[in-house]
Amino acid sequence: MPHLTAFEGQVLKAASVIPFGETRSYAWVAAKTGRPKAVRAVGQALNKNPFPLLIPCHRVIAKDGTIGGFAFGVSLKKKLLVLEKEILKQFCQK
DNA sequence: TGTCCGCGGGTGT
DNA sequence: ACACCCGCGGACA
């Protein structure tokens, strides 16, 4: 747990709470941190993404549903979202 | 849709 | 203290 600022901690915390197969907006995360207008700062925090494997940062997308960006590539982010969606579907069927 | 501006926090200088 | 970066959001045309 490298030196994270309080704000970054809040962001990561909020992001880690996002349920599997679901998505939230940057504004949503920002609201969770108590800084509703700090959406850009949220993006920066997620971009740094100290724990890519622990934080579902790919579940955080823009409010209009578009992918803002992703540290490992937007295409991968899309794939991950689709993949989770598919997996979730499998669980519902079986 | 496309453009523009305000926004908060982190980091470098 | 200042400037610049950033995975945004909302307003407006």
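Hydrogens, waters and symmetry mates are skipped; everything else that's a heavy atom, side chains included, is used. Naming convention: chains lettered A, B, ... in sequence-line order (proteins, then strands); numbering from 1 in each chain. Treat the numbers as computed from the prediction; the structure is a model and nothing was measured.
In this structure, A/R59 contributes its side chain and A/I18 its backbone to a donor-acceptor pair below 3.5 Å. Judged by distance alone, with hydrogens and angles left aside, the side-chain atoms of A/K63 form no donor-acceptor pair with the main-chain N or O of A/A27 at under 3.5 Å. Side-chain atoms of A/K78 never come within 3.5 Å of backbone atoms of A/I67 as a donor-acceptor pair (strictly under, hydrogens ignored).
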| Base, backbone or nothing for each nucleotide of nucleotides 1-11 of chain B, written B, S, -, heavy atoms under 4.0 angstrom, 5' to 3'? | -----BBBBBS
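Atom-to-atom distance recorded for A/N49:CG and A/H58:NE2 is 10.5 Å, nearest 0.5 angstrom.
Within 4.0 Å (heavy atoms only), A/G69 reaches at least one base atom of the nucleic acid.
For DNA chain B, if you chain together Watson-Crick or G-U pairs that step i with j, i+1 with j-1 and so on, the runs of at least three with distances under 3.5 Å are B:1-6 with C:8-13, B:8-13 with C:1-6.
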| task | For the pair A/V42 and A/F7, evaluate side chain to side chain contact (heavy atoms under 4.5 Å, CB included) and give the outcome as yes or no after the intermediate values. | result | CA-CA 9 Å; A/V42 171; A/F7 176 75; 4.0 Å; yes
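The existence of a salt bridge linking A/E8 and A/K48 is confirmed by a sub-4.0 Å separation between a basic side-chain nitrogen and an acidic carboxylate oxygen.
Atom CZ of A/F72 has 12 or fewer neighbouring heavy atoms from other residues, nucleotides or ligands inside a 6.0 Å radius.
Screening A/T33, A/V17, A/L54, A/I55 for a side-chain contact (heavy atoms from CB on, under 4.5 Å) involving A/L12 leaves a single residue, A/I55.
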